Asker: 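Have a look at this one before I ask anything.
Quick caveat, the model's predicted, so the values are computed rather than measured. Below, all heavy atoms of this structure are taken into account, side chains as well, without hydrogens, waters or symmetry copies. In the text below, chain A, chain B and the rest are named by the order of the sequence lines, each starting its count at 1.
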2 protein chains.
Amino acid sequence: MKLRKDYTCPLEIVHDIIKGKWKPIILFQLKDGAKSLSQLQKEINGITQKMLIEQLSELKQYGIISKNKALGYPLHVEYFLTEDKGQQMLKAIRIMQNVGIDYMNENGMEDIIKAKGIKKLEI
Amino acid sequence: MKLRKDYTCPLEIVHDIIKGKWKPIILFQLKDGAKSLSQLQKEINGITQKMLIEQLSELKQYGIISKNKALGYPLHVEYFLTEDKGQQMLKAIRIMQNVGIDYMNENGMEDIIKAKGIKKLEI
DNA sequence: CCGTATCCGATCCGATACTG
DNA sequence: CAGTATCGGATCGGATACGG
């Protein structure tokens, strides 16, 4: 899962970095600051611990997120977006979020948006 | 592959719509107007005809692209982004493209960017 | 030129059990 | 609380052949 060097276009590398069912959602959940594993798992509907850790680890290898370990028990680890690559990638995720909101509103899913109180983001 | 109605967040639906290795690249190639299947296949490095048709068909079902058929032989079909959903989704793809360019420039792949003359897009 | 069908390996992802 | 290991079903994606 290391970065290849032979990408033929920028979208290919972005796909490699954020592909999969969970990565965009994880990054979105980190948009307002650092969170622990258990916090993330509570907030992300349906993700298993295994998937969460696996995806976080990949994002870390790509330099999109980083982690703070506090030593001692109980363990406390916090994950956060990196200033450069993380924040950069978040820009794309934010647009995706807004596009998703519009799409849902235009396709009979306004009720879900409304029920959750989801609002479009400032870009 | 029809749209579910039980999405729990906007990013989930966006993932469903543009997931896979090829869809973002296909949409990007359509950004400046309609193109035929064979044009797209020439421009998209490494895609097979099967994958291209399959992905185009999915994008069509989601209302992201549409097609013009000209009757008679030789067949000529053109694919293009829809005004609403297609252009909307393109916004996200454009950001992804720029993020990818930055990422490549910062990670020893400037030569690829330069060799292909790839420029960041106006947002 | 466009589109469909099939076969098959690679990978994704969920469930589950176990460790420090 | 955080992380690892394994196993199997589902899905993805490449090769290839054939049909309108």
Asker: Quick one: A/Q55 CD to D/dG3 P, roughly how many Å, whole number?
Answerer: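 About 14 Å, once rounded to whole Å.
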Asker: Is there a donor-acceptor pair closer than 3.5 Å between any side-chain N or O of A/T82 and the backbone N or O of A/I64?
Answerer: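 Side chain of A/T82 to backbone of A/I64, a donor-acceptor pair under 3.5 Å: yes, one is there.
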Asker: Over all strands shown, is A/I53 touching base, sugar-phosphate only, or nothing at heavy-atom distances under 4.0 angstrom?
Answerer: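 Since a base atom lies under 4.0 Å of A/I53, the category is base.
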Asker: Within the pair A/S38 and D/dA2, is there a side-chain N or O less than 4.0 Å away from OP1 or OP2?
Answerer: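 Looking at the OP1 and OP2 atoms of D/dA2, one of them is under 4.0 Å from a side-chain N or O of A/S38.
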Asker: I'd like to check B/I112 versus A/D6 (side-chain heavy atoms, cut-off strictly below 4.5 Å). Are they in contact?
Answerer: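 Not in contact.
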Asker: Starting at CD of A/Q39 and ending at C1' of D/dA2, how long is that distance when rounded to a whole Å?
Answerer: 14 Å
Asker: Mind calculating the distance between CE (B/M51) and P (C/dC8) to the nearest angstrom?
Answerer: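 One finds 18 Å between P of C/dC8 and CE of B/M51, rounded.
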Asker: In whole Å, I'd like the distance from the CG atom of A/D16 to the C1' atom of D/dC12.
Answerer: 14 Å
Asker: Any idea which heavy atoms bring A/V99 and B/A92 closest together, and the distance?
Answerer: CG2-CB, 4.4 Å
Asker: With side-chain contact (heavy atoms from CB on, under 4.5 Å) as the test, pick out the partner of A/I95 among B/M89, B/R94, B/Q88, B/K91.
Answerer: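 Among the candidates, only B/K91 passes.
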Asker: Establish, with yes or no, whether the OP1 or OP2 oxygen of C/dG3 is under 4.0 angstrom from a side-chain nitrogen or oxygen of B/K67.
Answerer: yes
Asker: Roughly how many Å is it from CG in B/L56 to P in C/dC1, rounded to a whole number?
Answerer: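 Result: 16 Å.
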Asker: Report the nucleotide, chosen from C/dC12, D/dG13, C/dC13, that has the shortest atom-to-atom distance to any side-chain atom of A/K19.
Answerer: C/dC12
Asker: Rounding to an integer number of Å, can you tell me how far B/N68 CG sits from C/dC1 C1'?
Answerer: 16 Å
Asker: Pick the closest DNA chain D nucleotide for A/Y79 and for A/H15 by heavy atoms, then say which residue is nearer the 5' end.
Answerer: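 Nearest-nucleotide comparison on DNA chain D picks A/Y79.
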Asker: Has the side chain of A/K50 got a donor or acceptor that lies under 3.5 Å from a partner of the other kind on the base of C/dG14?
Answerer: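 Pair found.
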Asker: Please give, in whole Å, the distance from D/dC12 C1' to B/L52 CG?
Answerer: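 Distance, rounded to whole Å: 16 Å.
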Asker: So for the helix from C/dG3-D/dC18 to C/dG20-D/dC1, with five pairs setting each end axis, what is the inter-axis angle to 10°?
Answerer: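 Rounded to the nearest 10 degrees, the bend comes out at 30°.
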Asker: So A/G46, base contact, sugar-phosphate only, or nothing? Heavy-atom distance under 4.0 Å.
Answerer: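 Result for A/G46 = nothing.
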Asker: So which of B/D32, B/I65, B/N68 actually passes side-chain contact (heavy atoms from CB on, under 4.5 Å) with B/F80?
Answerer: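 So the option named by the test is B/N68.
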Asker: C/dG3 P sits how many Å from B/E78 CD, rounded?
Answerer: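 The distance from CD of B/E78 to P of C/dG3 comes to 12 Å, rounded to the nearest Å.
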Asker: Which of these passes side-chain contact (heavy atoms from CB on, under 4.5 Å) with A/H15: B/K21, B/M96, B/K19?
Answerer: B/K21
Asker: Within the 4.5 Å heavy-atom criterion, are B/Y62 and B/D16 side-chain neighbours or not?
Answerer: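 Yes. Closest side-chain heavy atoms under 4.5 Å.
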Asker: What's A/Q49 touching, base or sugar-phosphate or nothing? Going by heavy atoms closer than 4.0 Å.
Answerer: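 Contact class for A/Q49: base.
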